[in-house]
Colleague: 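Starting off with a structure, shown below.
Quick caveat: nothing in here was measured; it's all calculated off a predicted structure.
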Amino acid sequence: MVVDRVTALSGLLRPGEGHVLDSLCRTPHQPGVLPTVGQLLLNRCRQGPSLASEVTYAWCRLEQCEGHVPIAALAREAGCSQRHLERLFHQQMGVTPKRAARLFRARRAVRALVAGRSPAEVSYLCGYYDQAHLSGDCKALTGLTPRQLCSGTSGFLDGLDKGGGQLSRDPAQ
């Protein structure tokens with residue numbers, strides 16, 4: 001499992017996939033590089049074992065509510081214990097449900113910041129305790145502060161769907 005660590009791309013490739021590495025070496029820092037790697041890994045995932053129904057349900061629910069659901073409630077909805085969901089989710093997704101919820105919430109916040117919303121407004125609308133909490137998540141997950149994300153000068157989000165300017169306290173909207 002390749003989670004929370006840096007791995008050489010050559011370590012991810014299977015025999016016969018060397019052409020992907022060659023292609024990437026010829027086009028470094030081009031917009032098509034990450035989608036190429038992403039497609040390779042997505043195809044690999046599709047060939048792998050299917051996810052447990054509890055994990056599929058939990059992931060879809062976390063995505064739908066952008067991380068705003070308590071994990072205990074999520075487990076009840078999925079029909080299992082919290083511990084079972086945490087163990088199964090981590091085993092199959094590589095992160096805990098709580099970490100996935102944090103990532104979904106941060107994604108929503110980053111999009112709002114890039115769309116020009118103020119850090120104070122984003123903190124409130126995305127359910128952060130305060131601006132320091134938002135700032136800590138942004139820095140930990142992107143390496144940038146909310147102010148740097150607001151400025152749009154980092155290039156971090158080039159090519160990202162910058163939707164998110166229309167926020168409400170309700171993540172379903």
Side-chain angles (χ1 to χ4, degrees), residues 1-7 31 33-35 37-38 41-42 45 50-173:
M1 184 179 331
V2 183
V3 175
D4 292 333
R5 62 182 166 154
V6 176
T7 302
V33 171
L34 288 179
V37 174
L41 297 177
L42 182 61
C45 288
S50 60
L51 298 174
S53 61
E54 299 94 336
V55 173
T56 301
Y57 175 84
W59 182 268
C60 291
R61 180 78 169 96
L62 285 169
E63 185 174 34
Q64 172 195 23
C65 68
E66 295 180 304
H68 288 280
V69 62
I71 304 307
L74 186 62
R76 275 192 307 278
E77 291 174 20
C80 61
S81 73
Q82 183 174 339
R83 180 69 185 122
H84 178 72
L85 178 64
E86 288 169 346
R87 190 176 322 116
L88 196 58
F89 198 99
H90 186 268
Q91 180 184 46
Q92 294 186 356
M93 300 302 287
V95 295
T96 63
K98 186 171 182 163
R99 174 84 169 173
R102 181 181 177 206
L103 294 169
F104 280 120
R105 182 169 56 165
R107 180 179 69 180
R108 181 175 188 227
V110 166
R111 286 181 172 161
L113 289 165
V114 170
R117 305 300 284 262
S118 76
E121 189 178 17
V122 172
S123 296
Y124 172 74
L125 293 173
C126 291
Y128 286 95
Y129 183 73
D130 56 20
Q131 277 186 257
H133 187 197
L134 169 67
S135 184
D137 255 12
C138 284
K139 190 73 170 165
L141 298 171
T142 68
L144 301 170
T145 67
R147 196 65 61 202
Q148 290 169 315
L149 289 166
C150 283
S151 73
T153 59
S154 67
F156 176 79
L157 298 170
D158 290 348
L160 177 72
D161 169 23
K162 294 183 176 96
Q166 301 298 319
L167 281 182
S168 72
R169 187 80 163 133
D170 179 7
Q173 293 182 350

Colleague: Can you name the residues that form a salt bridge (charged side-chain N to carboxylate O under 4.0 Å, His left out) with Arg61, not counting sequence neighbours?
Modeller: Glu77

Colleague: Between atom CZ of Arg87 and atom CG of Leu85, what is the distance when rounded to the nearest 0.5 Å?
Modeller: 10.5 Å

Colleague: Just how far is it from atom SG of Cys138 to atom CG of Leu144, taken to the nearest 0.5 Å?
Modeller: 8.5 Å

Colleague: Just verifying a value: how many Å separate Ile71 CD1 and Leu62 CG, rounded to the nearest 0.5 Å?
Modeller: 5.5 Å

Colleague: For the residue pair Gly143 and Gln148, what are the closest heavy atoms and their distance?
Modeller: O-OE1, 4.4 Å

Colleague: Please report the closest heavy-atom contact between Glu54 and Ala78, naming both atoms and the distance.
Modeller: CG-O, 3.8 Å

Colleague: Is the shortest side-chain N to carboxylate O distance from Glu66 to Arg108 below 4.0 Å?
Modeller: yes

Colleague: Could you tell me if the side chain of Cys126 sits less than 4.5 Å from the side chain of Leu134, heavy atoms only?
Modeller: no

Colleague: Could you report the tightest heavy-atom contact between Phe104 and Gly67, atom names first, then the distance?
Modeller: CB-N, 3.8 Å

Colleague: Leu103: which residues meet the side-chain contact (heavy atoms from CB on, under 4.5 Å) condition with it, sequence neighbours left out?
Modeller: Arg99, Leu141

Colleague: Where is the tightest heavy-atom contact between Ala109 and Tyr128, given as atom of each residue plus distance?
Modeller: CB-CE1, 3.9 Å

Colleague: Got a donor-acceptor contact below 3.5 angstrom from the His133 side chain to the Tyr129 backbone?
Modeller: yes

Colleague: List the residues meeting salt bridge (charged side-chain N to carboxylate O under 4.0 Å, His left out) with Glu63, not counting sequence neighbours, and say none if there are none.
Modeller: none

Colleague: Among all residues two or more places apart in sequence or in another chain, which pass the salt bridge (charged side-chain N to carboxylate O under 4.0 Å, His left out) test with Arg107?
Modeller: none

Colleague: Within a strict 4.5 Å, meaning less than it, do heavy atoms of the Gln82 and Leu74 side chains meet?
Modeller: no

Colleague: If only atom types and distance count, is the side chain of Gln92 paired as donor or acceptor with the main-chain N or O of Phe89 below 3.5 Å?
Modeller: no

Colleague: Spell out, as yes or no, whether a donor-acceptor pair under 3.5 Å connects the side chain of Arg105 to the backbone of His68.
Modeller: no

Colleague: Check whether any side-chain heavy atom of Leu88 sits under 4.5 Å from a side-chain heavy atom of Met93, and report yes or no.
Modeller: no

Colleague: Would you give the length of the straight line joining atom CG of Leu113 to atom CZ of Arg147, rounded to the nearest 0.5 angstrom?
Modeller: 9.0 Å

Colleague: For Ser135, check side-chain contact (heavy atoms from CB on, under 4.5 Å) against everything at least two apart and list the hits.
Modeller: Pro146

Colleague: With Ala120, which residues qualify under side-chain contact (heavy atoms from CB on, under 4.5 Å), at least two apart?
Modeller: Ser118, Gln131

